[in-house]
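One structure is given here, and the rest of the page talks about it.
Just so we're on the same page: letters track the sequence lines, and every chain starts at 1. We use all heavy atoms of the structure for the numbers below, so side chains are in, but hydrogens, waters and symmetry mates are not. As the structure is a computational prediction, the values presented were derived from the model and not from experiment.
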Amino acid sequence: MDLIWDGIREAFAILAHGDRDVWEITIRSLLISGSATAIALVIGVGVGAVLAFRRFPGRNILVTLVNTGMGLPPVVVGLVVAILLWRSGPFGQFHLIYTPAAIVIAQTVIAAPLVTGFTVAALGALPPQLRTQLYGLGASRLQMLWLVLQEARLPLFAAIMAGFGAAVSEVGASIMVGGNLAGETRVLTTAVVLEVQRGEFDAAIALSLVLLVLIFLVNLVLTSVQQRERA
Amino acid sequence: MLIPARALLAVLVLAVVASLATACLDDHTVILATGTTPYDTGLLDELVPLFERETNYRVKVIPVGTGQALEMGRRGDADVVLTHDPDSEEQFVADGFGINRRLLMHNDFVIVGPEDDPAGVRRANDAVTAMRAVFQSEAAFISRGDDSGTNKRELSLWAALGVDPAGQAWYDVAGQGMGATLQVASQRGAYALSDRGTLLALRNVLDLDILFEGDPVLLNTYHVMQVNPERVEGLNDDAAAAFVEFLVSEDAQALIGSYGVAEFGEPLFLPDAGRTEAELGATQ
């Protein structure tokens, strides 16, 4: 129990001092997972809208694949992405291994099925006449998509929060493709693993708390936008 | 109104560009695949910035254990390897994958375990006898099990005894680095083979004593090697050569010799550049 209290005290000390390393790691976590979530959102909405609104042979299989993707073990994603990005791999010449970009790629693969799956469900729950009415009012395809997304705002924001949560809490894949390099690819989760391996449990708990606070704050912002009453 | 789409787009583009920008620094990057012990002790955290300050190069330190490090070298996924199993290293060089192999530093392996020492390891006169005591008393033992230098030495000790503990109930395989394996042993009150450096570095959080030390077969030497650019493609050989030269340079060796003294009262590794293994009394 002492260990946990020490860790909490250490966390406040870090946040109060503004320990530069911890801030740097926190901002990097936010940028990397934020980018991954944003890209996953673009993919998710695009693919999700097609799957929700169109009917074509094989659609059900695709939706099943997306739903299966939600349960993809992140460490498996990490292994596959690492193999692809290694110098000895097919995409080695892009020199992406052990860079933040590699982590963004891995986290996007992890978050995208989540966002897509939620989007398919969210858009599929909308009344079918809505789209017909919007087209009838002269909406273009893009306008229709934008308005429909607004209608499905509640579950859509849930999708974003789920995607971000999966990305920012990911550790195995991030270490494999990122290498946990100080000043470059170390994020909050991978830093916690390192501190535990080095027996620095205070620091590990402190970083865990910072991570939890970060996730809470991000969700606070997203939730308040999600729940905002329209005028 | 959803978060302004343009703001989101701007952030997205910026983040992607920033990520890709760092990826383009690759000509100046050395990938160092290393055993976990120089990494877990924090030694490389001190050495690498010194090198990066003196040169234009950046080093990416990937701690994976000796076996995996050599594998990465064979695939060309690493430019330099820092390992501590002379047999595998000599094979690596003989197969044409390693060049410029230099002795870097050494410490020793020790057998650690619970203070009450149920197997009587303290009474042993040599390492093999100590391991025999563990085997015969069926005392809990945690193995690295990760093809690391430490793991290979542990397996060679069992082999010298003529036994194979795999599958026995008292023999557990952690499959992790030295720090993690020691923590498992500490929590379980079990025996383990460890390098002295990591043990010292983690002394404050471990409930383990050094129960056997000093046998020449427990000498633990670290060598650094460049991956051979004539055998493998895609390497940054200039950067790699520079890094190897740096590690055996006076500055680096001085840092190695003083690392840990302030905190633990003794250096975690003893610098050896320019000497040969024979001078260290290696029996391997």
Side-chain angles (χ1 to χ4, degrees), chain A residues 3 28 30-39 41-42 82-83 85-89 92-105 108 146 149-150 153 156-157 160 175-176 178-185 193-202 221-222 225-226 228 230-231, chain B residues 1-3 5 8-9 11-27 29 31 36 39-42 44-45 48-49 52 58-64 72 74-79 176-183 186 198 201-206 232-236:
Chain A
L3 209 53
R28 186 177 303 119
L30 189 55
L31 282 179
I32 289 181
S33 300
S35 308
T37 311
I39 301 175
L41 182 60
V42 170
I83 291 176
L85 295 183
W86 279 336
R87 280 185 190 163
S88 56
Q93 75 261 41
F94 297 112
H95 300 306
L96 288 170
I97 192 74
Y98 310 136
T99 65
I103 308 184
V104 172
I105 293 174
T108 303
W146 185 247
L149 289 176
Q150 301 253 45
R153 184 161 85 192
L156 214 54
F157 268 83
I160 299 175
I175 290 187
M176 254 191 272
N180 201 7
L181 306 171
E184 272 184 73
T185 56
V193 169
L194 181 62
E195 297 298 341
V196 169
Q197 278 176 354
R198 294 196 172 163
E200 305 277 358
F201 299 121
D202 278 2
V221 170
L222 291 173
V225 176
Q226 176 199 45
R228 198 179 300 169
R230 260 177 311 159
Chain B
M1 200 22 219
L2 294 176
I3 296 175
L8 194 62
L9 195 62
V11 170
L12 174 55
V13 170
L14 237 118
V16 173
V17 168
S19 305
L20 290 178
T22 57
C24 292
L25 291 176
D26 209 67
D27 275 352
T29 302
I31 297 183
T36 60
Y39 181 80
D40 278 351
T41 53
L44 288 171
D45 279 356
V48 166
E52 291 180 339
R58 304 230 46 201
V59 182
K60 302 200 176 192
V61 180
I62 311 294
V64 286
M72 282 175 69
R74 285 169 194 266
R75 288 196 313 257
D77 286 326
D79 300 294
Q176 300 183 69
M178 197 72 248
T181 302
L182 283 174
Q183 287 180 35
S186 173
T198 311
L202 292 176
R203 204 170 33 189
N204 293 335
V205 297
L206 293 175
V232 181
E233 284 185 7
L235 304 175
N236 290 323

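With hydrogens and angles ignored, the 3.5 Å screen pairs a side-chain donor or acceptor of B/Q183 with a backbone N or O of A/V196.
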Could you please spell out the steps behind the side-chain contact (heavy atoms from CB on, under 4.5 Å) verdict for A/L181 and B/I62? CA-CA 8 Å; A/L181 306 171; B/I62 311 294; 4.1 Å; yes
Start with the C-alpha distance between A/W86 and B/I31, add both sets of side-chain angles, then the distance that settles side-chain contact (heavy atoms from CB on, under 4.5 Å), and finish with yes or no. CA-CA 11 Å; A/W86 279 336; B/I31 297 183; over 6 Å; no
Run A/R87 and B/E233 through salt bridge (charged side-chain N to carboxylate O under 4.0 Å, His left out) and show every step you take. CA-CA 9 Å; A/R87 280 185 190 163; B/E233 284 185 7; over 6 Å; no
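Contacts with chain B were tallied for A/Q197, A/R198, A/Q226; A/R198 has the most, counting heavy-atom pairs under 4.5 Å. For the options B/T41, B/T198, B/T36, B/D45, heavy-atom pairs under 4.5 Å to chain A are most numerous at B/D45. Between chain A and the residues B/V64, B/D79, B/V59, the largest count of heavy-atom pairs under 4.5 Å involves B/D79.
Contact annotation: the side chain of B/D77 never approaches that of A/Y98 to less than 4.5 Å [non-hydrogen atoms, C-beta and beyond].
For A/L194, the part sitting under 4.5 Å from any heavy atom of chain B is the side chain, from C-beta outward, and nothing else. In this structure, chain A has no heavy atom under 4.5 Å from any part of B/N204. With a 4.5 angstrom heavy-atom cutoff, B/M178 does not touch chain A via any of its atoms. For a residue to count as touching a neighbouring chain, one of its non-hydrogen atoms must lie under 4.5 Å from one of that chain's; by this rule B/L235 touches chain A with backbone and side chain alike.
The CD1 atom of A/I97 sits 9.0 Å away from atom NZ of B/K60, with the distance rounded to the nearest 0.5 Å. Put simply, OG on A/S88 and CE on B/M72 are 8.5 Å apart, with the number rounded to the nearest 0.5 Å.
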